[in-house]
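Because only heavy atoms are used, hydrogens play no part in the values below, and waters and symmetry mates are left out as well, while side chains stay in. Quick caveat, the model's predicted, so the values are computed rather than measured. Within every chain, numbering begins at 1; the chains are lettered A, B, ... in the order of the sequence lines, protein sequences first and strands thereafter.
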2 protein chains.
Amino acid sequence: MARFTHPRLEDVPLDLALHALADPNRLGMVARLAATERLSCTDAAPCDTIPKSTLSNHLKLLRAAGLIETTQAGREMINTLRRADFDRRFPGLLDAVLANRID
Amino acid sequence: MARFTHPRLEDVPLDLALHALADPNRLGMVARLAATERLSCTDAAPCDTIPKSTLSNHLKLLRAAGLIETTQAGREMINTLRRADFDRRFPGLLDAVLANRID
DNA sequence: TTCAACAGTTCAATATTCCCGAACTATTAA
DNA sequence: TTAATAGTTCGGGAATATTGAACTGTTGAA
């Protein structure tokens with residue numbers, strides 16, 4: 001099946017990073033990955049009503065923004081937060097966003 | 001002419017704030033306002049090729065996100081950053097974003 | 001007083017992006 | 001093999017964004 005492409009963080013513009021975070025579903029997934037590390041796509045889902053095609057697209061966008069890495073493990077895709085990479089590229093940003101979540 | 005509505009920051013969700021910042025034109029305007037304080041719409045513009053209707057819409061969105069305040073002064077609309085309000089609502093967020101601008 | 005120029009908004013049409021059902025691919029277990 | 005599982009990709013409709021054109025309100029000049 002598809003193998004995933006992960007950008008170098010230098011190539012990720014701030015706009016894209018912010019855009020990826022500017023959505024409650026994606027933000028929820030990032031928060032979950034920040035807490036749990038290593039989640040399959042369905043486990044990373046923000047709720048169990050979201051269609052899987054939508055979920056897949058959200059995860060693709062998070063990948064493109066350099067926020068997550070996805071690797072295949074059997075028939076699951078395992079997602080992890082690229083926190084170190086992301087923090088090096090955008091110091092303090094993810095912390096600030098996550099700290100301000102939970103409304 | 002139109003008088004502007006400014007939301008209470010408690011009513012601004014994080015998603016909206018991030019969405020407002022997740023655009024190079026708007027981010028440029030915010031950065032300019034962070035540096036200059038009190039700019040007319042045209043002076044706040046990120047470049048001189050952007051259509052004024054587009055500019056007006058961007059500013060409307062920044063208002064809705066609680067990022068700027070707009071008041072009328074003669075035939076100009078004067079925009080200022082609502083930094084204190086925004087920082088109280090989303091501590092550290094704007095700093096982190098502005099610090100990571102300039103690619 | 002007009003009148004024209006200016007600063008910006010609003011409207012409506014087009015262009016772009018997003019969402020999600022349906023079809024598909026790949027892996028595993030039976 | 002086959003069926004179930006885990007997820008991707010595709011395509012069309014829904015939602016957003018962009019922008020030219022028309023409009024509102026303000027000011028300065030004739």
If I take atom [atom1] in residue [X] and atom [atom2] in nucleotide [N], what distance separates them, rounded to the nearest angstrom?
X	N	atom1	atom2	result
Asn25(B)	dT19(D)	CG	C1'	13 Å
Leu59(A)	dC19(C)	CG	C1'	15 Å
Arg3(B)	dT24(D)	CZ	C1'	13 Å
Leu55(A)	dC20(C)	CG	P	11 Å
Gln72(A)	dT8(D)	CD	C1'	11 Å
Asn57(B)	dA15(D)	CG	P	19 Å
Met77(B)	dC6(C)	CE	C1'	11 Å
Lys52(B)	dC11(C)	NZ	P	16 Å

Can you sort out the partners of Pro51(A) under side chain to side chain contact (heavy atoms under 4.5 Å, CB included), two or more places apart, ordered by chain and number? Ser53(A), Thr54(A)
Side chain to side chain contact (heavy atoms under 4.5 Å, CB included) involving Pro91(A) - partner list, sequence neighbours excluded: Asn100(B)
Between Ile78(A) and Ala73(A) the two heavy atoms that sit nearest each other are CG1-CB, 3.9 Å
How long is the straight-line distance from CG of Leu39(A) back to OG1 of Thr80(A), given to the nearest 0.5 Å?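 Between atom OG1 of Thr80(A) and atom CG of Leu39(A) there are 9.5 Å.
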Just jot down the salt bridge (Lys or Arg N to Asp or Glu O under 4.0 Å) partners of Asp43(A), sequence neighbours excluded, or say none.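 For Asp43(A) there are no salt bridge (Lys or Arg N to Asp or Glu O under 4.0 Å) partners, ignoring immediate neighbours.
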Using the salt bridge (Lys or Arg N to Asp or Glu O under 4.0 Å) criterion, which residues pair with Arg83(A)? Sequence neighbours excluded. Asp87(A), Asp95(A)
Side chain to side chain donor-acceptor pair (under 3.5 Å) involving Thr42(A) - partner list, sequence neighbours excluded: Ser40(A)
Asp48(A): partners by side chain to side chain donor-acceptor pair (under 3.5 Å), with sequence neighbours left out: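 Partners of Asp48(A) by the side chain to side chain donor-acceptor pair (under 3.5 Å) criterion come out as none, since no residue qualifies.
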Under 4.0 Å between a side-chain N/O of Thr54(A) and OP1 or OP2 of dC19(C), yes or no?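 Result: no.
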Ignoring backbone atoms, establish whether Ser56(A) has a side-chain N or O less than 4.0 Å from OP1 or OP2 of dT8(D).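 Yes, within the criterion.
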Please tell me if the side chains of Leu67(B) and Leu94(B) come closer than 4.5 Å, counting only heavy atoms from C-beta onward.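 With C-beta onward as the side chain, the pair touches.
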For nucleotides 28-30 of chain C, give me every protein contact, N/O to N/O, under 3.5 Å, one pair per line with atom names.
residue	atom	partner	partner atom	Å
dT28(C)	O2	Arg75(A)	NH1	3.4

Pairs flagged by side-chain hydrogen bond (donor to acceptor under 3.5 Å, both in side chains) wherever residues 17-38 of chain A is involved - sequence neighbours left out: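 Non-adjacent pairs meeting side-chain hydrogen bond (donor to acceptor under 3.5 Å, both in side chains): Arg26(A)-His58(A).
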side-chain hydrogen bond (donor to acceptor under 3.5 Å, both in side chains): which pairs involve residues 62-71 of chain B, sequence neighbours left out?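 Only Arg63(B)-Thr70(B), Thr70(B)-Asn79(B) qualify under side-chain hydrogen bond (donor to acceptor under 3.5 Å, both in side chains).
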Nucleic acid contacts of residues 35-51 of chain A, taken as heavy-atom distances under 4.0 Å to DNA chain C: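 The stretch gives Pro51(A) as the residues lying under 4.0 Å from the strand, ordered by number.
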Which nucleotide in the set dT9(C), dT27(C), dT9(D) lies at the smallest distance from any side-chain heavy atom of Phe4(B)? dT9(C)
Options dT10(C), dT18(D), dG7(D), nucleotide nearest the side-chain atoms of Lys60(B):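 Looking only at side-chain atoms, Lys60(B) lies closest to dT10(C).
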Pairs under 3.5 Å (N/O, protein and nucleotides 15-18 of chain C):
residue	atom	partner	partner atom	Å
dC18(C)	OP1	His19(A)	NE2	3.0

For residues 63-88 of chain A, pull every pair meeting ring-ring contact (aromatic ring centres under 6.0 Å, His included), keeping only residues two or more places apart or in separate chains. Phe86(A)-Phe90(A)
